[in-house]
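The structure appears below as structure tokens.
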Protein chains: 2
Amino acid sequence: MVASCFAELLGERVDLTAGEVAALARLEERTREVRRGAILQRENEPCGELFVLRRGLMMSYVLLDDGSRQILRFLFPGDLIGVPGMIYRDSPEALAALTDCTVCPFEKTMLSQLFEEHPRLAALVMALNQVERVALTDRLAALGRTSAKARVAALLLDMRNRLRFADKAIGDTFTLGLTQEEVGDATGLTAVHVNRMLRQLEEGGLIRREAGRCTILDERALRRAANYVDRYERLELGWLPTAR
Amino acid sequence: MVASCFAELLGERVDLTAGEVAALARLEERTREVRRGAILQRENEPCGELFVLRRGLMMSYVLLDDGSRQILRFLFPGDLIGVPGMIYRDSPEALAALTDCTVCPFEKTMLSQLFEEHPRLAALVMALNQVERVALTDRLAALGRTSAKARVAALLLDMRNRLRFADKAIGDTFTLGLTQEEVGDATGLTAVHVNRMLRQLEEGGLIRREAGRCTILDERALRRAANYVDRYERLELGWLPTAR
DNA sequence: CGAATCATTGAGTCTGGTCAAACATGGTGG
DNA sequence: CCACCATGTTTGACCAGACTCAATGATTCG
């Protein structure tokens, strides 16, 4: 096993030096197990720590007054999670495990140490923040201006791509690992309507579903229906400072 | 005039050293004027530069296939804009001026220099990125899970707060400076429906409108209607590395 | 003063929500 | 192995919030 899951993720983008790898490994010295369904961080409760997600699938979400939930983001191994804890006393979002997970908690002072000692890593972390930011604005535009069908299609494509990033063996068939209610909470729809949209996509020959697995039959058409752009591709990182 | 608009914004959060102020001033050595209505950066076109917004109100937005527009964010003096240009060759979002503006373009290599020489500023920039990220997720939740009235109310509160941040003299009355179509494109509604929601807020005694100005009559009720939290307040920055 | 942009209002439509029931699935304990 | 329960999926009938289209006022600007 690699020393650091986060280093592995960053290593996809740039060649890390031994010193950088060592610094990143320090973020993952401790581990904690989180059971499927368990809540790692509740909304509006103090958040002293940040985490690296090492294993499993998690989500961040908020609950509204009327009890409805908006899922903000799905979290994959290598993701830095609970980052808003860096600047707020109480967490603006909740973190929960969708599968059994392993997380590595670390103190926020570790981050400032990273910034001092490894400017290139700091810049890289900020670059990945930007990727996340752009992915969020894509979803914002989807919620504001696209149809229910397009939002569901976009979610399927995004999940497939992110699952594939972790497991290169994944092709056009994958296990979504979400209930239709969760898909609805991510796309701003009801579970019932998600079901109808999945059916439409299936009837249109864009996807096939069987036994909890989903196959993308016509990726081009699905991308068109979804207005989807993969933001994790083709990053320009030539401007990064030199490694230390 | 202060050397740097960005320094002024950061200076609201921490006491900057002379060296830091000087480094920030280098981001704003050049200036460019942008006319009201002009587009500084088109979507999907190469974006070589980043900018500091020095004067005026701008917005970032995306256009969808069907011609509709989603406004992602309104931009105020001191904001770093076009940041996604840091990692993508082509801009994922457009930038346009809502009033006559002054911007300060700078190269992305300037950023890496900042990261190397001023780790505290790098951390601070990242912290402000997080504020922006959380503000975006608030809007995501609003678009996904709240009513039209709530979204319009949230926009009013947010614009008032951000205008007040720049001009402390602003109280409960302010000039919104947006057309109802722009409000709609920011909230995922049509201009017609925005008009009806404003009317409802006015009839409910929450706001008053006259001659393009808006007065918040019952801030508590408006906050409640909007589910609004000001994310620009109460940041915890004690963990920042020491200044250089 | 005319043209253009923006705000307002009404009538009718449609996308997506609500409610409720039936159906599938999988895990559990007897 | 099977009955049972909990959870999740599917489907139908109906409803409502938000959209569309269209017309009329109000402002602003040249």
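A, B, ... follow the sequence lines: proteins, then strands. Residue 1 opens every chain.
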Starting at atom [atom1] of [X], determine the distance to atom [atom2] of [N], rounded to an integer number of angstrom.
{"X": "B/E203", "N": "C/dT8", "atom1": "CD", "atom2": "C1'", "value": "12 Å"}
{"X": "A/L189", "N": "C/dC14", "atom1": "CG", "atom2": "C1'", "value": "15 Å"}
{"X": "B/D66", "N": "C/dT15", "atom1": "CG", "atom2": "P", "value": "14 Å"}
{"X": "A/Q200", "N": "D/dT11", "atom1": "CD", "atom2": "P", "value": "12 Å"}
{"X": "B/E202", "N": "C/dT8", "atom1": "CD", "atom2": "P", "value": "8 Å"}
{"X": "A/N195", "N": "D/dT10", "atom1": "CG", "atom2": "P", "value": "5 Å"}
{"X": "A/R209", "N": "C/dT25", "atom1": "CZ", "atom2": "C1'", "value": "15 Å"}
{"X": "B/R151", "N": "D/dG17", "atom1": "CZ", "atom2": "C1'", "value": "10 Å"}

Assert: residue with more 5' nearest nucleotide on DNA chain C, out of A/H193 and B/Q180, is B/Q180

Measure from the side-chain N and O atoms of A/S68 to the backbone N and O of A/L64, and report whether any donor-acceptor pair falls under 3.5 Å.
no

Would a distance-only check, ignoring hydrogens and angles, find a side-chain to backbone donor-acceptor pair under 3.5 Å from A/E43 to A/L63?
yes

With a 4.0 Å cut-off on heavy atoms, is [X] in touch with a base, just the backbone sugar-phosphate, or nothing at all?
{"X": "B/G37", "answer": "nothing"}
{"X": "B/R196", "answer": "base"}
{"X": "B/G184", "answer": "nothing"}

With respect to the side chain of [X], which nucleotide from [options] is positioned closest?
{"X": "A/R199", "options": "D/dT10, D/dC19, C/dG16", "value": "D/dT10"}
{"X": "B/V192", "options": "D/dG8, C/dT9, D/dT11", "value": "C/dT9"}
{"X": "B/A148", "options": "D/dA13, C/dG16, D/dA18", "value": "D/dA18"}

For B/Y61, does the six-membered ring have the charged nitrogen or CZ of B/R69 within the cation-pi criterion, i.e. under 6.0 angstrom from the centroid and within 45° of the normal?
yes

Distance to the ring centre below 6.0 angstrom and angle to the axis at most 45 degrees; does that hold for A/R162 and A/F76?
no

Any donor-acceptor N/O pair under 3.5 Å between D/dT28 base and B/R36 side chain
no

Of A/R145 and A/A191, the one whose nearest nucleotide on DNA chain D sits closer to the 5' end is A/A191

A/T190 side-chain N/O to C/dG17 phosphate OP1/OP2 under 4.0 Å:
yes

Rounded distance [0.5 Å steps], CG in A/L9 versus CG in A/D79:
6.5 Å

